[in-house]
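One-based numbering, in listed order, for ligands and for the atoms of each.
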Amino acid sequence: MSKNWYPIIDYDKCIKCGNCYNKCKKNVYEVKDGTPVVKNPDNCVEGCKGCAGFCPVGAITYFGDNGKIKSQCSCGGNCKK
Ligand code: SF4
Ligand code: SF4
């Protein structure tokens with residue numbers, strides 16, 4: 001678990017499909033009035049890009065991402081960690 005890595009949602013892009021909320025098994029997100037919010041960033045797994053892989057519009061980036069991490073831990077659906 002990490003405070004140095006967590007998702008950031010671009011609400012200008014988000015279409016509120018719910019994938020990130022439904023796929024993440026770490027309880028990072030909650031939904032408020034149909035909109036996903038990053039409620040528990042400390043629960044996010046460092047290096048995981050699982051939810052971004054499920055976002056249909058590319059609205060999710062990560063605090064702490066230096067562009068070098070290519071792997072998808074994908075704890076949200078097909079975790080390999
Ligand atoms: S799916 Fe992975 S990257 Fe996305 S919030 Fe959950 S733990 Fe973090
Ligand atoms: S997966 Fe992407 S488009 Fe869907 S609710 Fe999450 S941030 Fe929004």
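The set of protein atoms (N, O or S) found at less than 2.8 Å from atom 8 (Fe) of ligand 2 reads Cys14 SG, by chain and number.
Close contacts between ligand 1 and Pro7 involve ligand atoms 5 (S) [criterion: under 4.0 Å to a heavy atom]. Below 4.0 Å from some heavy atom of Lys26 lie the following atoms of ligand 1, by number and element: 7 (S). Shown in contact with Val28 at under 4.0 Å from a heavy atom are these atoms of ligand 1, numbered in order with element: 5 (S). Atoms of ligand 1 lying under 4.0 Å from any heavy atom of Tyr29, numbered from 1 in the order shown and given with element: 5 (S). For ligand 1, the atoms sitting less than 4.0 Å from at least one non-hydrogen atom of Val45 are 7 (S), numbered in the order shown with element in parentheses.
No heavy atom of Phe54 sits closer than 4.0 Å to any atom of ligand 1. Heavy atoms of Tyr62 come nearer than 4.0 angstrom to ligand 1 in at least one pair.
Ala59 and Lys13 get closest at one heavy-atom pair: CB-CB, 3.8 Å. Residues Cys20 and Ile60 approach most closely at CB-CD1, 3.8 Å, considering heavy atoms. Closest approach of Lys49 and Asp65 over heavy atoms only: NZ-OD2, 3.2 Å. Considering every non-hydrogen atom in both Val38 and Pro7, the closest pair reads CG2-O, 3.4 Å. Closest of all the heavy-atom pairs between Tyr62 and Cys51 is OH-SG, 3.1 Å. When all heavy atoms of Cys17 and Pro56 are compared, the closest pair comes out as SG-CD, 3.7 Å.
When the ring-ring contact (aromatic ring centres under 6.0 Å, His included) test is applied to Phe63, the partners found at least two apart in sequence or on another chain are Tyr6. Not counting sequence neighbours, the partners of Tyr21 by the side-chain contact (heavy atoms from CB on, under 4.5 Å) test are Tyr29, Val31. Residues passing the salt bridge (charged side-chain N to carboxylate O under 4.0 Å, His left out) test with Lys39, sequence neighbours excluded: Glu30.
For the atom pair CG of Asp10 and SG of Cys55, the computed distance is 9.0 Å after rounding to the nearest 0.5 Å.
The heavy atom nearest to atom 2 (Fe) of ligand 1, considering only Ala52, Gly53, Cys48, is found in Cys48.
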